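Encoded as structure tokens, the structure appears first; notes follow it.
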Amino acid sequence: MSTDFDSLNRTFGCGGQVVFKAGPGGLAVAEVNNAHGSAVIALQGAHVMTWAPRNEAPVIWLSKAAKFSPGKSIRGGVPVCWPWFGPHATESVFPGHGFALTVMWDVIEAQAMADGGTRLSFRIRQDDAIRAQWPHASEAMNIVTVGKTLELELVTRNTGATAITVGDAFHTYFEVSDIRHCRIDGLDGCPYLDKVDGGKRKQQTGPVTIGTEVDRIYLDSTAETATGASLHRGPRLDPIADILIDDPGLKRRIRVAKRGSRSSVVWNPWADKAAKMGDFGANGYLNMVCVESSNAADDVVTIPAGGEHRLWVRYSVEPRG
């Protein structure tokens with residue numbers, strides 16, 4: 001399906017801050033440039049491919065060997081997992097992590113912010129193929145704000161007459177100098193499911209360090225709900241802090257703040273699995289780590305009729321102390 005770039009640029013150009021064009025592989029993208037930084041967003045999946053604050057190294061990792069093709073997921077960036085996380089509960093032929101990351105989203109709003117940032121809103125484009133996999137009256141929006149920080153908000157609205165249950169995530173790939181020398185703080189004491197070890201339930205002690213394949217779902221890794229009530233159900237009683245990716249090589253820390261997420265995923269495929277995937281490039285796995293704000297495993301979300309759920313994240317960069 002062709003994209004009317006002229007119409008998009010006239011309607012949503014934000015005074016030149018946003019340019020719609022054909023990107024890699026012919027995918028339609030929005031290029032955002034403002035006083036605070038730059039980003040590239042694919043309309044397929046409302047997928048933030050890159051983000052870098054002004055005069056800073058990229059924060060969002062995009063594989064140098066990423067493949068760009070209609071209907072195929074992109075290795076890197078911020079894939080949107082919706083309306084389920086991981087494999088579908090009953091239909092093995094349905095795509096892992098849902099269909100949202102490989103279908104087209106419509107641009108519905110663009111705004112130049114008073115602080116110099118840029119906000120774009122996308123809504124998933126419904127069709128018969130989607131309804132065959134998800135026969136529920138609902139809509140999903142992804143609101144992306146590119147400024148001194150990168151903010152994303154995934155909004156799920158239940159427009160039907162009965163409750164629905166969704167799993168979702170921002171499957172974010174962060175760029176690091178060398179993951180072997182980095183650490184991830186903020187998950188100490190959290191229970192997690194170790195998918196590399198058959199899904200065994202374990203508990204984190206100290207910072208997360210990575211020197212082999214890691215695939216973990218940290219449960220109850222949140223401080224609050226929309227109403228401010230504690231979500232911790234286990235022995236940990238204190239609210240968890242933001243998650244911090246400490247990177248001595250780039251002399252920075254990436255801060256992950258979130259709301260509306262009851263679980264966090266930490267993932268790095270390591271050498272053997274990355275090689276089999278074919279789109280990580282030579283040693284690409286050493287320059288990335290996924291820290292995903294999610295509602296996964298035990299922490300899916302039930303949305304009542306007429307209700308909504310908002311998964312919000314903010315990524316920021318600070319000097320390493």
Side-chain angles (χ1 to χ4, degrees), residues 23-27 29 31 37-42 44-53 56-81 85-86 95-97 101-102 150 152 169-185 187 194-196 207-218 243-256 264-294 313 315 317 320:
L27 295 182
V29 301
E31 291 187 349
S38 61
V40 178
I41 308 165
Q44 176 176 283
H47 185 135
V48 177
M49 294 163 54
T50 65
W51 172 61
E56 297 277 355
V59 178
I60 302 300
W61 179 85
L62 180 67
S63 173
K64 293 180 174 62
K67 300 172 183 177
F68 304 94
S69 180
K72 302 295 182 182
S73 59
I74 300 168
R75 181 65 62 196
V78 189
V80 176
C81 303
F85 183 87
H97 294 319
L101 70 170
T102 57
L150 177 66
L152 302 101
F170 288 117
H171 193 310
T172 308
Y173 292 72
F174 291 101
E175 182 150 330
V176 296
S177 58
D178 188 328
I179 191 57
R180 295 171 296 185
H181 306 306
C182 299
R183 74 180 203 181
I184 300 168
D185 294 304
L187 293 168
D194 190 344
K195 297 176 68 177
V196 177
V208 179
T209 57
I210 296 176
T212 187
E213 181 185 355
V214 170
D215 191 353
R216 302 172 182 172
I217 302 176
Y218 287 87
I243 296 175
L244 293 165
I245 304 170
D246 188 82
D247 187 346
L250 289 176
K251 300 179 181 178
R252 72 182 185 188
R253 297 192 303 174
I254 299 171
R255 181 177 294 272
V256 179
S264 298
V265 177
V266 177
W267 180 69
N268 185 295
W270 214 245
D272 289 347
K273 184 169 285 188
K276 293 175 182 176
M277 290 178 174
D279 56 2
F280 267 85
N283 297 323
Y285 68 95
L286 293 177
N287 302 124
M288 57 69 62
V289 64
C290 284
V291 177
E292 309 167 33
S293 301
S294 59
V313 296
Y315 306 139
V317 183
R320 188 169 181 263

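Quantities reported herein were computed from a predicted structural model and do not represent experimental measurements.
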> What is the distance from atom SG of Cys182 to atom CG of Leu244, rounded to the nearest 0.5 Å?
Replying inline: 12.5 Å
> Any side-chain heavy-atom pair from Met49 and Pro24 closer than 4.5 angstrom?
Replying inline: yes
> CD of Glu292 to SG of Cys81: how many Å apart, nearest 0.5 Å?
Replying inline: 6.5 Å
> Are Val208 and Tyr218 side-chain neighbours, meaning at least one heavy-atom pair lies under 4.5 Å?
Replying inline: yes
> Is the closest side-chain heavy-atom distance between Val256 and Tyr315 below 4.5 Å?
Replying inline: yes
>> One pair to check against side chain to side chain contact (heavy atoms under 4.5 Å, CB included): Cys290 and Val265. What are the steps and the verdict?
In response: CA-CA 7 Å; Cys290 284; Val265 177; over 6 Å; no
> Below 4.5 Å, heavy atoms only, C-beta onward: do Lys67 and Lys72 meet side chain to side chain?
Replying inline: no
>> What I'd like to find out is whether the side chain of Asp272 reaches to under 4.5 Å of the side chain of Glu213, using heavy atoms alone.
In response: no
>> Quick check: closest heavy atoms across Val59 and Pro53, and the distance to 0.1 Å?
In response: CG2-CD, 3.6 Å
Cut-off 3.5 Å, no hydrogens considered: what does the side-chain donor-acceptor table look like for residues 277-285, sequence neighbours left out?
{"residue": "Asp279", "atom": "OD1", "partner": "Arg75", "partner atom": "NE", "Å": "3.0"}
{"residue": "Asp279", "atom": "OD2", "partner": "Arg75", "partner atom": "NE", "Å": "3.4"}

> About how many Å separate CG of Leu187 and CZ of Arg216, when rounded to the nearest 0.5 Å?
Replying inline: 9.5 Å
> What distance separates Ile60 CD1 from Phe174 CZ, expressed to the nearest 0.5 Å?
Replying inline: 5.0 Å
> Given Asn268 and Met288, is the side chain to side chain contact (heavy atoms under 4.5 Å, CB included) satisfied, shown in steps?
Replying inline: CA-CA 7 Å; Asn268 185 295; Met288 57 69 62; 3.4 Å; yes
>> Would Leu62 and Ile74 count as a side chain to side chain contact (heavy atoms under 4.5 Å, CB included) here? Give the steps.
In response: CA-CA 8 Å; Leu62 180 67; Ile74 300 168; 3.7 Å; yes
>> Would Arg320 and Asp247 count as a side chain to side chain contact (heavy atoms under 4.5 Å, CB included) here? Give the steps.
In response: CA-CA 8 Å; Arg320 188 169 181 263; Asp247 187 346; 5.9 Å; no
> Hey, what do you get for CD1 (Ile217) to OG (Ser264), rounding to the nearest 0.5 Å?
Replying inline: 10.5 Å
> How close do Leu101 and Pro79 get, heavy atom to heavy atom, and via which atoms?
Replying inline: CD1-CB, 4.1 Å
>> So, taking the atom named CD in Glu31 and the one named OG1 in Thr50, what distance separates them when rounded to the nearest 0.5 Å?
In response: 8.5 Å
> Quick one: does Val266's side chain get under 4.5 Å of Ile184's, heavy atoms only?
Replying inline: yes
> Tell me, do Trp267 and His171 make a side-chain contact under 4.5 Å, heavy atoms counted?
Replying inline: yes
>> Would you call the rings of Tyr173 and Trp61 parallel, tilted or perpendicular, taking 30° and 60° as the class edges?
In response: parallel
> Heavy-atom distance under 4.5 Å between the side chains of Pro70 and Gln44, does that happen here?
Replying inline: yes
